[in-house]
There are 2 protein chains.
Amino acid sequence: MYSIHTFPGIRMTAPSPLSALTTRNTRLFTLLLERELKKTGLRIGQLPVLQALQDGKTLNQKALADFADIEQPGMTTLLARMERDGLIQREPDPTDRRSTLVTLTPDGQRKSRNIVPAMEHLTDMALKGFTPLERDILVTLLERINSSLKSQL
Amino acid sequence: MYSIHTFPGIRMTAPSPLSALTTRNTRLFTLLLERELKKTGLRIGQLPVLQALQDGKTLNQKALADFADIEQPGMTTLLARMERDGLIQREPDPTDRRSTLVTLTPDGQRKSRNIVPAMEHLTDMALKGFTPLERDILVTLLERINSSLKSQL
DNA sequence: TCCAAATACATAACATGTTATGTATTCTAT
DNA sequence: ATAGAATACATAACATGTTATGTATTTGGA
């Protein structure tokens with residue numbers, strides 16, 4: 001249940017510096033991450049799929065949509081693009097003819113290994129000057145907000 | 001320079017609980033805000049335009065794109081949809097024939113007055129149980145991250 | 001003054017998501 | 001055993017953004 005998202009945007013000032021700040025931070029994360037990923041030929045929407053299929057794992061499209069926290073049609077079109085670009089393979093599930101099994105190609109596996117270093121680099125930049133205590137406090141407060149908002153879904 | 005965004009998404013676990021949390025919070029804010037706005041017939045991408053043109057203000061499309069922190073072509077298509085839906089009016093700038101002046105229609109003005117209450121409601125839900133001190137700490141930490149990331153753009 | 005650069009907008013192609021809907025397959029309860 | 005519900009996927013129409021590019025107008029420097 002954790003998911004960055006490529007994301008477009010809203011912009012508001014008052015009365016919500018809080019949502020303005022979190023969304024602004026997400027915007028900045030996303031822009032910088034996309035720039036970082038561009039060097040490796042990956043797109044930001046592809047990350048959850050690459051992560052879910054690491055180490056040769058196989059999932060069907062529904063499981064991938066659930067993992068990425070997007071709707072099924074969005075995952076279908078994402079996977080079509082990734083298959084076109086040679087990052088994944090799709091084959092019919094022999095045990096359920098409704099289902100399609102997805103795996104990474106060797107190229108997808110190789111490229112997926114660039115993701116973690118890129119994310120680490122970004123996190124280091126974001127938390128520059130933070131003490132370990134400050135970092136913990138921030139995570140705790142964000143988790144409380146996360147929990148409050150999730151309960152409203 | 002503060003802006004929520006409608007936003008699609010990424011999803012990552014390790015090594016970045018921080019970016020995972022902020023982006024997850026943005027995702028939740030966005031989903032809940034869209035749900036709230038749906039009652040009023042507004043879309044989330046329209047918010048910065050409605051805010052920028054409050055109180056009868058007039059801006060050209062470039063100024064609106066800058067305010068919303070999106071590229072000019074994105075603003076052009078957004079405004080075309082908003083004009084189609086009767087929220088804004090566009091007229092040629094008499095002093096510069098390259099430029100188009102944008103204002104809210106009466107319907108746009110009326111609907112824009114629903115935004116602040118919706119945002120306030122969301123912020124209250126997000127910060128449920130927070131003391132004023134906790135709220136201040138959170139804002140301070142987010143502003144520091146914001147500043148660090150912005151300096152990398 | 002006038003030409004080159006800058007500016008404002010539009011259009012096209014695309015990525016990434018959303019609903020709404022349709023089709024094929026599987027499951028389940030009588 | 002089978003009919004109806006549930007599941008997995010696909011397709012269409014759309015919103016919201018991005019680059020790349022083109023056009024028309026304005027500006028500014030030799």
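Labels below follow one simple rule: chain letters A, B, ... track the order of the sequence lines, proteins then strands, and each chain is numbered from 1.
Close to C:dC14, at under 4.0 Å from its OP1 or OP2, lies no side-chain N or O of A:R81. For D:dC9, the OP1/OP2 oxygens have a side-chain nitrogen or oxygen of A:S99 closer than 4.0 Å. A close approach under 4.0 Å does not occur between any side-chain nitrogen or oxygen of B:R97 and OP1 or OP2 of D:dA24. For A:R84, a side-chain nitrogen or oxygen approaches OP1 or OP2 of C:dA15 to under 4.0 Å.
One finds the CG atom of B:D136 at 11.5 Å from the CZ atom of B:F130 (value rounded to the nearest 0.5 Å).
A side-chain donor from one of B:Q61 and B:R90 sits under 3.5 Å from a side-chain acceptor of the other.
In this structure, CG of B:D85 is placed 12 Å from P of D:dC14, rounded to the nearest angstrom. The interatomic distance linking A:E34 (CD) with D:dG17 (C1') rounds to 10 Å, in whole Å. Going from atom CG of B:L47 over to atom C1' of D:dG17 covers 15 Å, rounded to whole Å. To the nearest angstrom, P of D:dA8 lies 16 Å from CZ of A:R90. Atom P of nucleotide D:dT16 and atom CE of B:M75 are separated by 11 Å, given to the nearest angstrom. Residue B:Q61 contributes atom CD, which lies 15 Å from atom C1' of D:dT25 at whole-angstrom precision. Atom C1' of nucleotide D:dT18 and atom CD1 of B:I70 are separated by 10 Å, given to the nearest angstrom. One atom, NZ of A:K62, and another, C1' of C:dT25, lie 16 Å apart when rounded to the nearest Å.
In this structure, the nucleotide among C:dA8, C:dT25, D:dC9 sitting nearest to the side chain of A:D96 is C:dT25. Distance from the side chain of B:E71 is smallest to D:dT18 among D:dT18, C:dT19, D:dC9. Residue B:T76 places its side chain closer to C:dT11 than to any other of D:dT25, C:dT18, C:dT11. Here D:dA15 is the nucleotide among D:dC9, D:dA15, C:dA10 with the atom lying nearest to any side-chain atom of B:R43. Of all nucleotides listed (C:dG17, D:dT18, D:dC9), C:dG17 comes nearest to the side chain of A:L78.
In terms of hydrophobic clustering, with Ile, Leu, Val, Met, Phe, Trp and Tyr side chains grouped at heavy-atom distances under 4.5 Å, B:I88 and B:L101 are assigned to different clusters.
Contact annotation for B:Q72: base contact, defined as any heavy-atom pair under 4.0 Å involving a base atom. Note on B:N60: only backbone sugar-phosphate atoms sit closer than 4.0 angstrom, heavy atoms only; bases stay farther off.
A donor-acceptor pair is defined here as one N or O able to donate and one able to accept, closer than 3.5 Å; no such pair exists between the side chain of A:S99 and the backbone of A:D96. Between the side chain of B:T105 and the backbone N or O of B:L87 there is at least one donor-acceptor pair closer than 3.5 Å.
Nearest-nucleotide positions on DNA chain C for B:L101 and A:T77 put B:L101 closer to the 5' end.
No side-chain heavy atom of A:T103 sits less than 4.5 Å from a side-chain heavy atom of A:L59.
One donor-acceptor pair, N or O on each side, does fall under 3.5 Å between the base of C:dT7 and the side chain of B:R98.
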